[in-house]
Amino acid sequence: CDWSSDVCSSDLMRGVTDDISRGQVSTMENFQAIIRFLAHYKMNIYMPYIEDLFRFKSYPSIGKNRGALAAQECIALQDYAEKYHVEIIPIFQTLGHYENLLVQEEYIHFGDFPGAASLDTTREEPYLFLEKLLDEIAPVFRSAFFNMGADESFDVGKGASRRNAERHGIASVHAKHYRRVIDILEKHNKKIMMYGDIVLEYPTILNEIPKNLVMFRLLLCLAVLAAGSASAMAKGNPGFAEEPIVVEYDVDPSWPNRPDDVSPFGWVSGIAIDGKNQVWIFNRGPDPIQVYTTEGKFVRTWGKGRFKD
């Protein structure tokens, strides 16, 4: 289909996330290749997962020597992406996953406790810090959407925030923090996305936050990470969003269900999906071509002894 068709309407969100925070960061040439790849397959959303990989003028040590992206690089990449009808939506953490910063002397006091990966929600200083970061990064990205992350904040309630969690409940501690972040981002006229794993664990959070958030429900599986809205989750239907849906991918370590007489994968050189939604995997093991259903059921293998390095 083409961009003007009803099926491929630009109002639909089709895209991927890219975790650039755990290893090598793409060069601009790599980023541009990703954009072209997405456009080729009629995807219109690219969501880089950033953590500390943005160069902040207010805190220049953040992301130092880690390949952090400058604001001008992000702007240039958006200019490039627009030519291919791809929108870039940043994922920037606002509660947990601050482990790269909170081990540093300059930032350790912002943590819920020494060694924590989550921010301290009991003091104003961490919020002033977070507001400075968001006030810098949010305007750089011209998308109407901004993903505030907020997943896996497992340290909340274990340190400085323990008393508040015992008094008010861990759900309310999270909800109060979310509202603070939402207020900051709404200054920049952003429609807010966030991960919903904590909300699913503590569903009463939904009673204390706005209903128009776009929620991502983390599922450790090969095929899909579902997105929904806070209002849809509150109705007990988290897999269906009232806002546009974004699909992501993650790894299921139990996939596939390989028969005992089929060799484990060697180095995987290529993966493809055929017209029957079967997954074809070309690898450098004894059984070089293996075919599975998307659920991981074995279909067949061939090519043993026919390929050489």
Taking it one step at a time, do Thr294 and Asn277 satisfy side-chain hydrogen bond (donor to acceptor under 3.5 Å, both in side chains)?
CA-CA 7 Å; Thr294 53; Asn277 280 331; over 6 Å; no

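- At a threshold of 4.5 Å between non-hydrogen side-chain atoms, the residues Asp135 and His188 count as touching.
- Contact record, Ile198 with Ser153: CG1-OG, 3.6 Å, taken as the closest heavy-atom pair.
- Within 6.0 Å of the CD atom in Glu105, the count of heavy atoms belonging to other residues, nucleotides or ligands does not exceed 12.
- To the nearest 0.5 Å, atom OH of residue Tyr84 and atom CD1 of residue Ile35 are 10.0 Å apart.
- Here Phe129 and Tyr107 bring their ring centres to under 6.0 angstrom of each other.
- You'll find the side chain of Lys176 stays beyond 4.5 Å of the side chain of Thr121, heavy atoms only.
- Side chains of Tyr178 and Leu95 form a contact here, defined as non-hydrogen atoms less than 4.5 Å apart.
- Note that CD1 of Ile271 is 11.5 Å distant from OH of Tyr292, once rounded to the nearest 0.5 Å.
- A 6.0 Å sphere centred on CD of Gln24 holds no more than 12 heavy atoms belonging to other residues, nucleotides or ligands.
- At least one side-chain heavy atom of His174 sits under 4.5 Å from a side-chain heavy atom of Ile170.
- No continuous path of hydrophobic side-chain contacts links Phe110 to Val103 [ILVMFWY only; heavy atoms under 4.5 Å].
- The heavy-atom pair separating Asp52 from Arg66 by the smallest distance is OD1-NH2, 2.7 Å.
- Cluster membership for Met28 and Ile75, using ILVMFWY side-chain heavy atoms within less than 4.5 angstrom, is shared.
- Of the candidates Asn283, Asp287, Thr301, Ser263 forms a side-chain hydrogen bond (donor to acceptor under 3.5 Å, both in side chains) with just one, namely Asp287.
- Between His177 and Tyr127, the distance from one ring center to the other falls under 6.0 angstrom.
- Using a 4.5 Å cut-off on side-chain heavy atoms (C-beta onward), Val25 and Phe31 make contact.
- The nearest pair of heavy atoms linking Phe216 to Met47 is CZ-CE, 4.0 Å.
- Side-chain contact between Val214 and Lys191: absent, with no pair of heavy atoms (C-beta onward) separated by less than 4.5 Å.
- In this structure, Arg22 forms no cation-pi arrangement with Tyr49, as its terminal cationic atom is not both closer than 6.0 Å to the ring centre and no more than 45° off the ring axis.
- Side-chain contact annotation: Ser61 with Gln104, donor-acceptor N/O pair under 3.5 Å absent.
- In this structure, Leu130 and Leu134 have side chains that are in contact, with non-hydrogen atoms separated by less than 4.5 Å.
- Shortest non-hydrogen contact noted between Ile88 and Pro48 is CG2-CD, 3.8 Å.
- Salt bridge annotation for Lys187-Glu131: present, with a cationic side-chain nitrogen under 4.0 angstrom from a carboxylate oxygen.
- Remark: Arg123 engages Glu125 in a salt bridge, criterion side-chain N to carboxylate O under 4.0 Å.
- Only one option out of Thr94, Ile192, Asn212 pairs with Ile182 in a side-chain contact (heavy atoms from CB on, under 4.5 Å); it is Ile192.
- Criterion: ILVMFWY side-chain heavy atoms under 4.5 Å apart, direct or through other members. Under it, Leu77 and Ile34 are part of a common hydrophobic cluster.
- Salt bridge Arg179/Glu186: absent, no basic N to carboxylate O contact under 4.0 Å.
- Tyr41 and Tyr80 fall within the same hydrophobic cluster, where Ile, Leu, Val, Met, Phe, Trp and Tyr residues are linked whenever their side-chain heavy atoms come under 4.5 Å apart, directly or through other members.
- Using a 4.5 Å heavy-atom cutoff, the side chains of Val173 and Arg162 are not in contact.
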